[in-house]
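Residues take their numbers from the sequence shown, with the count starting at 1. Ligands are counted one by one from 1 in listed order, and the atoms in each one are counted from 1 as well.
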Amino acid sequence: MKFYCETCGNEVSLEEGTLSWVDDGNSLDCFRITHKNDQNHNCDPRYVAYIHLWIVTGLSGFVKFTELLADHWEKGYTLKDVKGLKRAINQIGTYIWEKSKGKVPSRGETG
Ligand SMILES: [Zn+2]
């Protein structure tokens with residue numbers, strides 16, 4: 001499977017892509033898989049958090065990401081963008097699953 005940038009619609013490689021969101025100190029919002037330059041969050045840049053796609057599509061990176069979320073819930077954060085988060089987790093989960101079945105070329109190869 002391939003990832004497509006939610007801002008420009010073009011394919012985004014693991015190296016170019018990020019999963020980004022808005023962290024305003026109280027809530028997490030606007031989860032998006034995009035090119036790094038297309039994060040396009042209409043807010044103060046210091047509220048934008050992101051993780052590189054090549055990291056979060058690795059099993060240990062994915063686990064770290066879920067731990068990061070758990071840490072935020074523990075601090076009392078609100079999840080504003082359930083849909084966006086689930087969409088991102090679904091895509092990443094599908095990628096990891098396909099990779100584990102050997103259907104996805106390893107990093108650096110095309111296809
Ligand atoms: Zn883009």
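The list of salt bridge (Lys or Arg N to Asp or Glu O under 4.0 Å) pairs with a residue in residues 51-76, not counting sequence neighbours, reads K64-E67.
Residues that satisfy the side-chain hydrogen bond (donor to acceptor under 3.5 Å, both in side chains) test with N42, not counting sequence neighbours, are absent from this structure.
With a cut-off of 2.8 Å, the protein N/O/S atoms near the Zn ion (ligand 1) add up to 4.
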Audit row: K2, Y4, side chain to side chain contact (heavy atoms under 4.5 Å, CB included) steps and yes/no: CA-CA 7 Å; K2 291 170 179 173; Y4 293 92; 3.8 Å; yes

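Looking only at side-chain heavy atoms (C-beta outward), L59 and I96 come within less than 4.5 Å of each other. The closest side-chain heavy-atom distance from K36 to Y50 is below 4.5 Å.
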Let me have the donor-acceptor pairs involving side chains of residues 17-24, under 3.5 Å, with sequence neighbours excluded, atom names and distances please.
{"from": "T18", "atom 1": "OG1", "to": "Q39", "atom 2": "NE2", "distance (Å)": "2.9"}
{"from": "S20", "atom 1": "OG", "to": "H41", "atom 2": "NE2", "distance (Å)": "2.8"}
{"from": "D23", "atom 1": "OD1", "to": "G25", "atom 2": "N", "distance (Å)": "2.9"}
{"from": "D23", "atom 1": "OD1", "to": "Y77", "atom 2": "OH", "distance (Å)": "3.1"}
{"from": "D23", "atom 1": "OD2", "to": "H72", "atom 2": "NE2", "distance (Å)": "3.4"}
{"from": "D24", "atom 1": "OD1", "to": "N26", "atom 2": "N", "distance (Å)": "2.8"}
{"from": "D24", "atom 1": "OD1", "to": "S27", "atom 2": "N", "distance (Å)": "2.8"}
{"from": "D24", "atom 1": "OD1", "to": "S27", "atom 2": "OG", "distance (Å)": "3.2"}
{"from": "D24", "atom 1": "OD2", "to": "S27", "atom 2": "OG", "distance (Å)": "3.3"}

